[in-house]
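Chain letters run A, B, ... following the sequence lines, proteins first and then strands; every chain starts at 1. In this text, all values refer to a predicted model and were calculated from it rather than measured experimentally. These numbers come from the heavy atoms of this one structure, side chains and all, not from hydrogens, waters or symmetry mates.
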Amino acid sequence: MVKKIENVGCPFCGVCCDDLVVTVSDDGKKILEVENACVIGSTVFHRAMSERHTLPRLRQPDGTYKEISYDEAIDYAAKVFHNAKKPLIYGFGSTNCEGMAAAAKVAEKAGAVIDNCASICHGSSFLAIFDNGYPSCTLGEVKNRADVIVYWGANPAHAHPRHMSRYSIFPRGFFTGKGHTGRKIVVIDPRHTDTAQMADIHLQVKQGHDYDLFDAFRTVARGHDIPAEVAGVKREDIIEVVDIMKKARFGTIFYGMGLCHSDGRNHNVDIAISLTRDLNDFTKWTIMAMRGHYNITGPGVVWSWQYGFPYCLDLTKRDIAHMNPGETSSVDLAMREEVDAFFNVGTDAAAHFPIEPVKRLRKHPWITVDPHPNMATEISDLHIPVGIVGVEVPGIVYRMDNVPVQYRNVIDPPEGVPSDEELFERIYERLCEL
Amino acid sequence: MSELIVKNGFVFDPLQGIKGDRMDIGIKDGKFVETSALGNPKVIDAAGKTVMAGGVDIHSHVVGPKVNVGRLFRPEDKLFKSPLKRGNRMEMGFSVPSTFKTGYDYARMGYVFVNEAAMPPLHSPHVHEEIRDTPIIDNAAMPVFGNNWFTLEYLKNNEIENNAAYTAWLLRATRGFAIKVVNPGGTEAWGWGLNCESIHDPVPYFDITPAKIVTGLIETNEHLGLPHSVHLHCNNLGNPGNYVDTLDSLKLAEGYTAKNNFGREQVLHITHIQFDSYGGDSWRTFESKAEEIMDYVNAHDNITVDIGQVTLDETTTMTADGPFEHSLRGLNNLKWVNTDVELETAAGVVPYVYSPNIRVCTIQWAVGLELALFAKDPMRTFISTDHPNAGPFFRYPRVIKWLMSREARDATMKTFKWLERTIDATSIDGIDRELTLYEIAQMTRAGPAKALGISNTYGGLVPGMDANVAIYALNPEDMPSDPEMIEKAFSQCAYLIKDGVVAVQNGEVVAEPAKRTIWVDVKVPDNAQVQRDIYEHFLRHYSVGVENYKIFDEHVHNPRAIEVDATQ
Amino acid sequence: MAKKITLNMITQRSVEEGVGIVSGKMSPEYFEACSIIEMHDDDVQALGLFPNQLVKVTSECGSVIVKSVKGRQTLYPGLAFIPQGVYANQIVPPRTQATGEPQYSGFPVTVEPAPLGEKRKSTLELVQGAVGLWRGD
């Protein structure tokens, strides 16, 4: 008899849908069907078992990989940590909090820098939050109260496919019984994205000029005049949107990489937060970062309670933690060639960093911890496979709105394959012996 | 397991009425025993020292999402303010320390139990993760109910039994400890950017007044017979003239008697009441009304309070009183975090500097001390700083110093820029009372334990209780003339014994005995209506499924359940 | 018809790229999803491209061969889009403005028809090739 497992969390994006229903085979080893997931989430489950290695692979002098035991791999990894002056552990977009805590313990013991994908993603948000705070809410508040939604530099139709149907545009919440028809949707994006297709208003801002546009919004909100056109958007359109925002009963600005990756980085987010603060003088507004991965919020949360900082943690002194994005951030460390060993965990730096820092990191030992082969595993010295969180390994993850979601597993990991938490605990023990 | 004997110390145990007698304390297998039951105990020499039960903190924000965002958004709270690592893990942060530092610092002060002041139920797995990473001390956490949609609807319809069933369900779903109420009604109004100005101001849509929320929850609490009482953060906190609202809130407890099997006698605990004891009608006329408040508290023994003492530090305010935090942001224009939590509550976090150069701050300082010094029953008035709101918890020894020494208060007052104006607006200058070690023990262990309903396990040195002992380098027969030594002694205990294990010695952590998560497991009759309501709200309104909302067993660290049978 | 034009490049998520990632970065899904560039019709015309023609995109730090496709999500003239990932990162400048974040969006590129004979490379060739581990296949 096949088994239907309900309330399954999806391990892909920051929407953290927890209503998936996964049908597994009688022997509990095969995933047969996935209901309620978007196309990406569905693919995660269906492709879980393909291309799996069940033993670590060590790069040989001739460039090929040879399988070794987990004990040997753990020994190798511990020795790399032990011998390196400034190892960097990076990633953690796609693993559970238990794994992040165990990796931090290793970093503290070994004297390493530990960083996560926010470094190349919502790091700009952290920098802005450090200066300006974060007036936000949980996604259920948006669902139940919001009548105006602004997507600024974010494209959930592509990056968070069920965001609009679960939380922001379509659901009929407690005070939002009219669903879509009771909400006004504004999309601000240089492209007419698929998200913009669902909008009532699309402002086609000139790329890289969001700061100017935010400034214009704030100016209009405070009752002052602006030029005929700002950042490619006409004055009338700006005034119209600000008016809609001021008349909202409850509004939320969802923003993404359009702000974080463009010129100005954190300043774009900072002024977005300032606009939200301003709007709270008139009515209720919140702002939310569209976190990309299902648990990229996790390391920020876990390392904040353990060390006080959400990313770019330099633990190399072993007795105190230091954070200074720009100095202790992964890409900058890589470009300045300050790192002499690299651990890629739950991410793919070889695919997602620009190629130059990849080259510089590759000059030193590179170990990748990941269930599947990816660019990082294919250039590493050592690939250690682990169980897939959310599919094979349960654990706590943090959704984009910082709400913890308890994920289950639907199948077991392949025989002998540990979880990230187990792996790092074993590396920690080996490190203590060295 | 092992046997210990704490020899020759001056013991202060208000739960047994022991006021500084020189006596030995026997410990075996992690519990107190009669010394006659010991065979070959290890000796802890407490000669010339003060011996108390391990400290019990009734209200502190140490674990959870708003605490953590306080850490995350304040890198400056770590920079140049963190000590070098001494123990097993790094210790980072000043006003919002990392979880490891929290556990170690509480242990260094001789504390063994900390009651997390507020847990947003939706975030309970987060709270429990942080509890796991807080070493040595036992933790409980109080879910917030005062703005919860279920609670508002049941109490509006006077459905106490239904509210009780829901409360029991929520305590189990979150492994919570007690009924916490923050700015009742006002934080739901804050979902629309509004507030409830007084306890008679109805909540938008739900149309129930804060007064009715509080009385309904008191009735729910006594109906269930929970160990602790309703724990209330009053409406209109922080504003000049709010003492009238506080008196209104206090009066809500009139006529109610505590019903429980845990020795608790109060039906209402008002927390950080310093922030609610203000007179005047503007910041210019801001003044202390601590005496008026304590007149009432002293005369009504079904009330307990903790003071929420301002310590004159740069700190971080964080509370579920969303509208208050928003207005604080308007006062100092600093960075502001806000999180509204669906169906349940909200939180706000704003840094704040309590400066001795600011008259309002120095008046606030006086208010807190007055509350404690006017207290007639130290078993009902407890020391706290609403950590970190009025100051970091590691300032408790400084608060103790101020309460025990007029000289210390004078020394601090001499640093005030507006000393004369502060004296005019308060009574502090006219108070010579100095609390005794016994009274301090009442206010920091026996009293809070009794009020929490855990005095059969914590807060005393009675055989059968958990063997938690704090030994301080203070000789009651030869107290130091320099009040700084009082602060030093309470900051770095000579010994902390937790569950019979020496965890701290001379202010240094030497062992990390396993810590526990304390929660309350209430049995209630099956209630189909409430089950249905829960199903409906989760289906339509929550953003997480009910089966994922309830915390999984494996995420609760070393739980100890306090069983309550409310099936009558 | 220009031989080369300068555009402002952005690189971000697409749902096809998301499916590609979880299918595996060596999969055909990933290849088709990520080795593409979307430009405005005016710019495509200015370059004289026929549909799906290969182009060479060059930035201050490198170049990459990708396929010019017509996407659903219209840009404005002067703006170009390559989905984030292996192909985009051949040309994304690593400069972070001291924030840790590379210049994933908003950097100048020149676009020209791909020189004759130059094809799109596989992800493995691009990444392994960059670090000297490419053995050909």
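Under the 4.0 Å criterion applied to side-chain N and carboxylate O atoms, C:Glu38 and C:Lys70 are not assigned as salt-bridge partners. With salt bridges taken as basic N to acidic carboxylate O contacts below 4.0 Å, none links C:Lys25 and C:Glu17.
The candidate from A:Thr193, A:Asp194, A:Asp332, A:Ile355 with the greatest count of non-hydrogen atom pairs under 4.5 Å with chain C is A:Asp194. Each of A:His372, A:Gln204, A:His160 has some count of heavy-atom pairs under 4.5 Å with chain C, and the biggest count is that of A:Gln204. The residue among A:Asn374, A:Val331, A:Asp263 with the most heavy atom pairs within less than 4.5 Å of chain C is A:Asp263. Between chain A and the options C:Phe107, C:Phe81, C:Tyr30, heavy-atom pairs under 4.5 Å are most frequent for C:Phe81. Your options are A:Asn266, A:Thr43, A:Asp115, and the one with the most heavy-atom pairs under 4.5 Å with chain C is A:Thr43. Per-residue counts of heavy-atom pairs under 4.5 Å with chain A were compared for C:Arg95, C:Gln103, C:Gln12, C:His40; the largest is that of C:Gln103. Ranked by heavy-atom pairs under 4.5 Å with chain A, the first of C:Leu79, C:Val86, C:Val19, C:Ile10 is C:Val19. In terms of heavy-atom pairs under 4.5 Å with chain A, the best-connected choice from C:Val92, C:Leu75, C:Thr99, C:Leu126 is C:Thr99. Of the residues considered (A:His192, A:Met335, A:Arg265), A:Arg265 shows the highest number of contacts with chain C, using heavy-atom pairs under 4.5 Å. Among C:Gly71, C:Gly78, C:Ser23, C:Cys34, the residue with the largest count of heavy-atom pairs under 4.5 Å with chain A is C:Ser23.
The aromatic ring centroids of A:His352 and C:Tyr104 lie 6.0 Å or more from each other. Two rings, from A:Phe12 and A:Tyr294, have their centers 6.0 Å or more apart.
For chain C, the nearby parts of A:Arg191 are the backbone and the side chain; heavy atoms of each come within less than 4.5 Å. Heavy atoms of A:Pro190 lying under 4.5 Å from chain C belong to its backbone as well as its side chain. Contacts of A:Leu127 with chain C are made by side-chain atoms alone, with heavy-atom separations under 4.5 Å and no backbone atom involved. Of the two parts of A:His209, neither the backbone nor the side chain holds a non-hydrogen atom closer than 4.5 Å to a non-hydrogen atom of chain C. The parts of A:Lys206 that come within reach of chain C are both its backbone and its side chain, each placing non-hydrogen atoms under 4.5 angstrom from that chain. Contact annotation for A:Ala118: only backbone heavy atoms (N, CA, C, O) come within less than 4.5 Å of a heavy atom of chain C. At a 4.5 Å heavy-atom cutoff, the contact between A:Cys121 and chain C is made by backbone atoms alone.
Side chain of A:Asp370 to main chain of A:Asp348: no donor-acceptor pair is present (N/O by atom type, distance under 3.5 Å, no hydrogens or angles).
The two atoms that bring C:Met9 and C:Ile91 nearest to each other are CE-CD1, 4.4 Å, heavy atoms only.
A:His267 and A:Asp270 are not linked by any side-chain donor-acceptor pair at a separation below 3.5 angstrom, with hydrogens and angles left out of the test. One side chain, A:Trp152 or A:Asp210, offers a donor N or O that lies under 3.5 Å from an acceptor on the other. C:Gln90 and C:Ser63 form no side-chain donor-acceptor contact under 3.5 Å, judged by distance and modelled atom types alone. For the residue pair C:Glu101 and A:Ser124, a side-chain donor N or O sits within less than 3.5 Å of a side-chain acceptor on the partner.
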